Amino acid sequence: MFFMNEQLIRDEYKNLTNFLIKNNISITTMESATSGQIASLITDTEGASKIFKGAFITYSNEAKIMNGVPAEIIEKYSVYSKETVTKMAEVCRKTYNADVGIGVSGTMGNVDPANIESSVPGEVYFAIATKTSVSSYVYSIEAENCRLYYKLKVADLVYKELRKIFNF
């Protein structure tokens, strides 16, 4: 089992937020599986209000659709797909007029009763949209003892991809 170092992840996000502040790069999220954990980690750093535009927590399919993800994408590809998280990242970035948008969806721990046919425990999708490109990712994560550790694992994966994109 993966050893979760919560403080290390919090420190990573402090570094990320300070980098965004220093470079005046605004960011937003549309989170499902992580339930706002990434937004919380970003805003734990003083001064984050300079770059953090806001966030959507879209835990249900209906919430995603209400906030701009076309129902047709969810119906065609499922809520757990690169297509859905790509649209989530694009929609939140455009809605908040941010430089970066992050979309996250996935199944943590057990099968989602609202999406039984497409739910694979441990399978997580996320996308990072900038004004010029969108990158999407899929990861399989090992079982954890609590929901917080699942969320932190995903947040750590998102952080690592943001580091690659911004080379910091």
Side-chain angles (χ1 to χ4, degrees), residues 1-20 27-46 48 51-67 69 73-74 77-89 91-92 100-129 134-166 168:
M1 187 174 310
F2 176 76
F3 174 73
M4 179 55 57
N5 188 334
E6 182 177 347
Q7 189 57 53
L8 174 63
I9 294 167
R10 291 187 179 282
D11 291 343
E12 289 174 345
Y13 270 84
K14 183 175 184 176
N15 290 337
L16 168 67
T17 304
N18 284 325
F19 170 82
L20 296 172
I27 192 165
T28 182
T29 66
M30 184 179 286
E31 300 179 62
S32 182
T34 49
S35 310
Q37 184 68 56
I38 295 167
S40 178
L41 289 165
I42 292 168
T43 59
D44 280 348
T45 299
E46 193 169 322
I51 52 87
F52 190 75
K53 296 283 197 156
F56 296 105
I57 298 173
T58 56
Y59 211 64
S60 68
N61 294 358
E62 293 82 8
K64 289 171 191 66
I65 294 164
M66 286 173 43
N67 286 289
V69 177
I73 288 178
I74 294 172
Y77 299 103
S78 96
V79 69
Y80 306 119
S81 66
K82 286 185 174 184
E83 293 82 4
T84 295
V85 294
T86 294
K87 189 51 80 173
M88 290 169 71
V91 165
C92 70
V100 179
I102 298 168
V104 183
S105 187
T107 306
M108 302 210 198
N110 58 344
V111 172
D112 175 3
N115 297 285
I116 292 172
E117 65 286 341
S118 59
S119 179
V120 178
E123 195 170 86
V124 178
Y125 295 83
F126 65 90
I128 300 169
V134 181
S135 300
S136 59
Y137 311 87
V138 60
Y139 284 94
S140 291
I141 56 177
E142 293 181 24
E144 282 296 342
N145 293 328
C146 70
R147 304 280 299 173
L148 175 61
Y149 285 176
Y150 279 110
K151 294 174 189 180
L152 289 170
K153 266 188 182 180
V154 176
D156 189 47
L157 293 169
V158 170
Y159 169 81
K160 286 175 173 49
E161 295 301 338
L162 285 166
R163 251 189 96 127
K164 290 177 193 173
I165 288 169
F166 291 108
F168 70 95

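Below, all heavy atoms of this structure are taken into account, side chains as well, without hydrogens, waters or symmetry copies. Keep in mind it's a predicted model, so treat the numbers as computed, not measured. Numbers here are sequence positions counted from 1.
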key: S78 to S81 - nearest heavy-atom pair and separation   = O-OG, 2.9 Å

request  = Look at the side chain of R147 and the backbone N and O of M108, then say whether any donor-acceptor pair between them is shorter than 3.5 Å.
outcome  = yes

ask   = Any side-chain heavy atom of V138 sitting closer than 4.5 Å to one from V85?
value = no

task = Decide side chain to side chain contact (heavy atoms under 4.5 Å, CB included) for I102 and L162; before the verdict, give the C-alpha distance in whole Å, the side-chain angles of both, and the deciding distance to 0.1 Å.
result = CA-CA 10 Å; I102 298 168; L162 285 166; 3.9 Å; yes

pair K64-S105: side-chain heavy atoms closer than 4.5 Å = yes

task = For E31 and A39, indicate whether the former's side chain and the latter's backbone hold a donor-acceptor pair under 3.5 Å.
result = yes

inquiry  = How close do S136 and K82 get, counting heavy atoms only, and between which atoms?
reply    = OG-CD, 3.3 Å

request  = For residues V69 and M30, determine if any side-chain heavy atom of one lies less than 4.5 Å from a side-chain heavy atom of the other.
outcome  = yes

task = Can you see which heavy atom on Y59 is nearest to which on S32, and at what distance?
result = CD1-O, 3.0 Å

key: Qualifying salt bridge (Lys or Arg N to Asp or Glu O under 4.0 Å) pairs with a residue from residues 32-45, counting only residues at least two apart or across chains   = R10-D44

key: I42 backbone acceptor or donor facing T17 side chain under 3.5 Å   = yes

inquiry  = Quick check for you: to the nearest 0.5 Å, what is the distance between K153 atom NZ and L148 atom CG?
reply    = 12.0 Å

remark   = Distance col, row F126:CZ vs T84:OG1, nearest 0.5 angstrom, shows 15.5 Å

task = Measure the CD1-OG1 distance between I27 and T43 for me, rounded to the nearest 0.5 Å.
result = 11.0 Å

Minimal non-hydrogen separation, G103 against A89, with atom names = N-CB, 3.6 Å

query = Measuring from N5:CG to D156:CG, what's the distance to the nearest 0.5 Å?
reply = 9.5 Å

query = Do I165 and V100 touch side chain to side chain, with heavy atoms closer than 4.5 Å?
reply = no

message = As a quick check of understanding, evaluate side chain to side chain contact (heavy atoms under 4.5 Å, CB included) for T45 and K14, giving each step before the final call.
response = CA-CA 6 Å; T45 299; K14 183 175 184 176; 3.6 Å; yes

message = Quick check: do L16 and L41 have side-chain heavy atoms less than 4.5 Å from each other?
response = no

ask   = Just by distance, do the side chain of S40 and the backbone of G36 share a donor-acceptor pair under 3.5 Å?
value = no

request  = Give the minimum heavy-atom separation between S35 and I57, together with the two atoms involved.
outcome  = O-CD1, 3.6 Å

ask   = So, do M88 and V91 sit near enough that their side-chain heavy atoms are less than 4.5 Å apart?
value = no

note = CD (E161) and CZ (F166) are apart, to the nearest 0.5 Å, by 12.5 Å

query = Picking from V104, V158, I128, what satisfies side-chain contact (heavy atoms from CB on, under 4.5 Å) with Y137?
reply = I128

ask   = What's the spacing between F168 CZ and N15 CG if we round to 0.5 Å?
value = 7.0 Å

query = Is the Y159 ring parallel, tilted or perpendicular to the Y13 ring (thresholds 30°, 60°)?
reply = tilted

query = Taking T28 for the side chain and G54 for the main chain, is one N or O donor matched with an acceptor at less than 3.5 Å?
reply = yes

